[in-house]
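Here is the structure we will look at, set down as C-alpha cells.
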Amino acid sequence: MISAREVELRAGARLLLDAATFQVAAGDKIGLVGRNGAGKTTLARVLAGEGQPAAGEVQIGGSVGYLPQDTRVGDLDGLAMDRVLSARGLDSLLAGMRQAEIHMSDSDPAKRDAAVRRYGNLEERLSVLGGYAAESEAASLAASLGLPAKTLTQPLRTLSGGQRRRIELARILFGGSDTLLLDEPTNHLDADSVSWLRDHLRAFRGGLVVISHDTGLLEAVVNRVLHLDADRSTLDVYSLGWKAYLEQRETDARRRRRERLNAERQATALQSQADKMRAKATKAKAAQNMQRRAERLLAGVSADRAPDRVARLRFPEPAHCGKTPLTAQGLSKSYGSLEVFTDVDVAVDRGARVVVLGLNGAGKTTLLRLLASLEEPDTGEVVPGHGLRLGYYAQEHETLDTERTVLENMRSAAPDLAESEHRRILGSFLFPGDDVAKPVRVLSGGEKTRLALALLVVSGANVLLLDEPTNNLDPGSRAEILSALRRYQGAIVLVTHDEGAVDALQPERVVLLPDGVEDAWSAELADLVALA
C-alpha cells in the first residue's frame, strides 16, 4: 500500500500540488489524470520512491513496480530476456551459468571442475526460485505484448524504441509487485496487446495507478480517479469508475461556477454598501468589516476552471527544394547476426506523404534514422537532393539535450532568432515564463513531445521524418498537431500506430517493412496501422 499525507509538489518556484492526502490500497485501480504539465509524472515518481515531495510524506508498504515514460534504462548489451528476469533477480543467476558454461570447456582440469561445481550450484538456486518456469512465464508475457520469442534473445541495443518499451512493461508485470505505477503503458502497443493489457490489469489484485491518454483503458480498468487540477493545484479524489467520474467532474465544475457567481454577487453588494458607509466617519469601522467579509467570500470559493491549454503548432513555409529532395537506394541494416531489412529503396518527392508500416522490430525507426543520417547503412546510400532541409522527430526524444534547459535547446535549434521570438514560440507550445528554464531531463513525456515539435517548427525543414509524434499528448494538443501536419506543405515520412494521424496525413505512398516494398496508399492498408 502507498499512503500520501499532505504532499506538496513543486517545479522550481511553481506550485503543482498543495497538501494532497490519499492512499493506494490493494484492489484500487486508480486513473491519475490532468492536463499535460500538471505534474502527473512528477507525482508518480514520488509515489514510486524515485523523487521527494517539497513537503509532506509518502509511506510505501510492500513492493512497487514503476514504468516511467522514459524506458532507456538497463544494460544495453544485456539480453532482453535477462532484462525481464531481472525483476525477480534471476538475470544474475543465468548470466553466471552462461559464464560457467564457457569455463566448463577450459583445458585446465581445476578450472573446469570449479566451473562445473559453480554451474551446479547456480542451477540449484535457479530451480529453487522457479527459474525455468519463470522463463516460460516471462516469454508468455512478452508474447502477449507482441514480442516474438527471437526478440528475447537479442541485446537491448538492437531493439527498436517500441520493443524496448514492451520489454520494460513485461519486466514490471513479471515482477509481481504489490502495487503498479504505470505511466502511459499503451504507448507503442498494437491493438491486440492493448486489449490483453486491459484484461490483465482488470484481473490484477494489487494496487494500480495508471497515467494514460487511452480513454478505452481507463474506462475498462479504473474504479477510482485522481484528478490533478493544474489551475487549483489540488488533487480531487473520485471513488468512481471512468464514465461516472466524467459526469461528476462536470457536475462539480457547474457547482463551483454557481458558488462563485453567488459569492461575487454578495461580495459586490457588500463592497457597494461599504463604499457608501466610508463617507461617514462614524461608520468607517463597519465599512472596513464589510470589506473584509466581501474578501472572505471571494477567497472561500474556487475560481472558474480555465479551459485546458493546447499547443499551438504552425509550420512555416518550407524552404525551397528540388523535385526529389531525398532518395535512398539499396539500404540494408543488421545488428550483429540480426538482419533488420535488406535492399530498401525510398524516394521522397517534394510535398510527398509517405507512411512506413511494419510490425514492431521490422525496422521502421531504423529506416528513419538512416534517412536522417544518424546511423550508417551496412549497404546502400542516402542521397540528399537539391535544397534538402531535414527535420527529424525521434520517438525516444534522443534529439533533445537533456542536460540543457528548454530555452537552451531552442537557442541551439534556431541561433539566428531573437530570444523574444524563442520565448514566443515556446509559449505557444505551453512553456510560458520561467518554464523555459526547466532542464529537459525533468520534463514529462508530453512536455518533451511538445518541445521536440517546437524545434521542428523553427527548423524550416522541407522534409519531416516523424516517429510516433502523437505519443504522450493530451487530446487537445494531439488534434492541434494533426491539423498542422495536414496543412504543412513540405514532405512527410511518418511512422505511427495512431490511425488518426494517418487519416490526417492523407498519405499517397506506403513503404512496407521489412521487405521494403513501396506502393501507392490504399484504404485497405488502414487496418494495418494499429496492428503495426
Side-chain angles (χ1 to χ4, degrees), residues 65-106 115-116 118-177 182 185 187-190 193 196-197 200 333-341 358-366 369 375 378 395-396 398 513-514:
Y66 173 47
L67 177 75
Q69 285 188 9
D70 187 352
T71 52
R72 286 177 290 174
V73 291
D75 177 10
L76 295 184
D77 292 318
L79 299 181
M81 173 61 92
D82 286 358
R83 180 62 186 164
V84 178
L85 294 175
S86 69
R88 297 184 191 172
L90 300 175
D91 57 321
S92 58
L93 292 179
L94 289 170
M97 289 171 66
R98 283 194 289 269
Q99 281 296 314
E101 280 182 331
I102 294 172
H103 295 300
M104 283 162 63
S105 58
D106 198 289
V116 170
R118 176 166 171 74
Y119 185 92
N121 291 335
L122 291 172
E123 186 177 38
E124 184 176 347
R125 286 170 57 194
L126 185 69
S127 179
V128 170
L129 294 173
Y132 292 114
E135 281 191 276
S136 177
E137 181 187 346
S140 177
L141 273 173
S144 298
L145 293 172
L147 291 165
K150 68 176 184 179
T151 307
L152 298 176
T153 64
Q154 297 172 214
L156 288 173
R157 71 170 60 258
T158 68
L159 303 184
S160 69
Q163 288 175 316
R164 291 266 303 278
R165 181 146 182 97
R166 291 172 189 232
I167 288 293
E168 286 304 306
L169 179 54
R171 177 179 179 273
I172 297 305
L173 299 180
F174 175 75
S177 298
L182 308 180
N187 278 359
H188 306 294
L189 296 187
D190 57 40
S193 298
W196 177 86
L197 181 62
H200 184 85
K333 188 66 179 178
S334 298
Y335 295 101
S337 61
L338 173 67
E339 182 182 274
V340 182
F341 51 69
L359 298 177
N360 268 283
K364 303 186 293 295
T365 293
T366 299
R369 289 180 61 81
E375 290 190 38
D378 297 332
Q395 62 168 284
E396 298 291 313
E398 57 262 36
L513 293 179

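To the nearest 0.5 Å, the span separating CZ on R369 from OG1 on T365 amounts to 8.5 Å.
When all heavy atoms of A115 and A100 are compared, the closest pair comes out as CB-O, 3.5 Å. Between S193 and G146, the shortest heavy-atom contact is OG-N, 3.5 Å. Annotation for D378 and S334: closest pair OD2-N, 2.6 Å, computed over non-hydrogen atoms. Contact record, G363 with V340: CA-CG1, 3.4 Å, taken as the closest heavy-atom pair. Closest of all the heavy-atom pairs between A87 and G175 is CB-CA, 3.6 Å.
Taking 4.5 Å as the limit, some side-chain heavy atom of T366 sits within range of a side-chain heavy atom of Y335. Side-chain contact between W196 and L189 is absent, with no heavy-atom pair separated by less than 4.5 Å. In this structure, R83 and E168 have side chains that are in contact, with non-hydrogen atoms separated by less than 4.5 Å. Counting heavy atoms from C-beta outward, T153 and M81 have side chains that stay 4.5 Å or more apart. Contact annotation: the side chain of L197 approaches that of L169 to within less than 4.5 Å [non-hydrogen atoms, C-beta and beyond]. L182 is not listed as a side-chain neighbour of Y66, based on a closest heavy-atom distance of 4.5 Å or more. Contact annotation: the side chain of Q154 never approaches that of L79 to less than 4.5 Å [non-hydrogen atoms, C-beta and beyond]. When side chains are defined from C-beta on, L173 does not count as touching L67, because their heavy atoms never get closer than 4.5 Å.
For the residue pair H188 / Q395, a side-chain donor-acceptor distance below 3.5 Å is found, with atom types taken as modelled.
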(request) List the steps, then state whether side chain to side chain contact (heavy atoms under 4.5 Å, CB included) holds for L156 with D82. (result) CA-CA 10 Å; L156 288 173; D82 286 358; over 6 Å; no
(request) Walk me through it: do T151 and L159 pass the test side chain to side chain contact (heavy atoms under 4.5 Å, CB included)? (result) CA-CA 8 Å; T151 307; L159 303 184; 3.6 Å; yes
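Judged by distance alone, with hydrogens and angles left aside, the side-chain atoms of K364 form a donor-acceptor pair with the main-chain N or O of G358 at under 3.5 Å. Side chain of R165 to main chain of Q69: a donor-acceptor pair is present (N/O by atom type, distance under 3.5 Å, no hydrogens or angles). Judged purely by atom type and a 3.5 angstrom limit, S140 has no side-chain atom pairing as donor or acceptor with the backbone of E137.
For the pair R88 and F174, the cation sits on the ring face: its NZ or CZ lies under 6.0 Å from the ring centre, inside 45° of the axis.
Looking at K333 and E339, no side-chain N of the basic residue comes within less than 4.0 Å of a carboxylate O on the acidic one, giving no salt bridge. In summary, R166 and D190 engage in a salt bridge, as defined by a charged side-chain N under 4.0 Å from a carboxylate O.
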